[in-house]
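As structure tokens, the structure follows; a few thoughts come after it.
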Amino acid sequence: MTTPPLVSPFGSQPPPQQQQQQAQAARDVNTASLCRIGQETVQDIVLRTMEIFQLLRNMQLPNGVTYHPNTHQDRLGKLQEHLRMLSVLFRKLRLVYDKCNENCAGLDPVPPEQLIPFLDDDSSKHEDRTGGQSRASSEERREILEVNKTLFD
């Protein structure tokens, strides 16, 4: 006597709460991965643009030279396909750009001076520039400077 396999009351579909969580996760894409997608899209745009210029360079103008209409139509078709694909890539890049801006809208911009640890100990100059820094961040900066000194000395 064997026991029948357990069957979910929802059939083969996951419960509705799990479906909602998966849909939410799909909508909340990591901004770093969006930037990577944007970088790959820019590389594709550059590649397509180079191919378009290559096609244009190899096209001959019909200026009295032996003219092959089939070759010309084939190259014209390739050129139009590249231009269509380039338009699609620019739209994709715009979507990625808008989504990244949407994800980063609530973030406060951090000045680059706070992100880069300084090697020299010009603490007086740095304190003048960052007068509004909290005590904890200035202590953290001092610790970073101490670690840098031990590493680079």
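Values below: all heavy atoms of this structure, side chains included; hydrogens, waters and symmetry mates excluded.
- Residues Met85 and Val96 do not share a hydrophobic cluster, clusters being chains of Ile/Leu/Val/Met/Phe/Trp/Tyr side chains in contact below 4.5 Å.
- In summary, Glu81 and Arg84 engage in a salt bridge, as defined by a charged side-chain N under 4.0 Å from a carboxylate O.
- Looking at Gln43 and Leu47, their side chains never come closer than 4.5 Å, going by heavy atoms from C-beta outward.
- Two residues are said to be in side-chain contact when any heavy atoms from C-beta on lie closer than 4.5 Å; Leu95 and Arg91 fail this criterion.
- To the nearest 0.5 Å, atoms CG (Leu55) and CG (Asp74) are separated by 9.5 Å.
- A salt bridge is absent between Asp44 and Arg48: the closest approach of a Lys/Arg side-chain nitrogen to an acidic carboxylate oxygen does not fall below 4.0 angstrom.
- Atom CZ of Arg141 and atom CD of Glu146 lie 11.0 Å apart (nearest 0.5 Å).
- Hydrophobic clustering (ILVMFWY, side-chain heavy atoms < 4.5 Å, transitive): Ile37 and Tyr97 are in distinct clusters.
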query = So His82 and Leu86, side-chain contact (heavy atoms from CB on, under 4.5 Å) or not? Walk me through it.
reply = CA-CA 6 Å; His82 282 302; Leu86 193 62; over 6 Å; no
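- Expressed to the nearest 0.5 Å, how far OG1 of Thr49 lies from CD of Glu51 amounts to 9.0 Å.
- Note on Glu102 versus Lys99: salt bridge recorded, some NZ/NE/NH1/NH2 to OD/OE distance being below 4.0 Å.
- For the pair Cys100 and Leu34, the tightest heavy-atom approach, listed with the atom from each and the gap, is SG-CB, 3.6 Å.
- Side-chain atoms of Gln54 and Arg57 form a donor-acceptor pair, as typed in the model, at a separation below 3.5 Å.
- The hydrophobic cluster containing Val88 does not contain Leu93, counting ILVMFWY residues as joined when their side-chain heavy atoms lie under 4.5 angstrom apart, directly or transitively.
- Atom CG of Asn103 sits about 11.0 Å away from atom CG of Asp98, to the nearest 0.5 Å.
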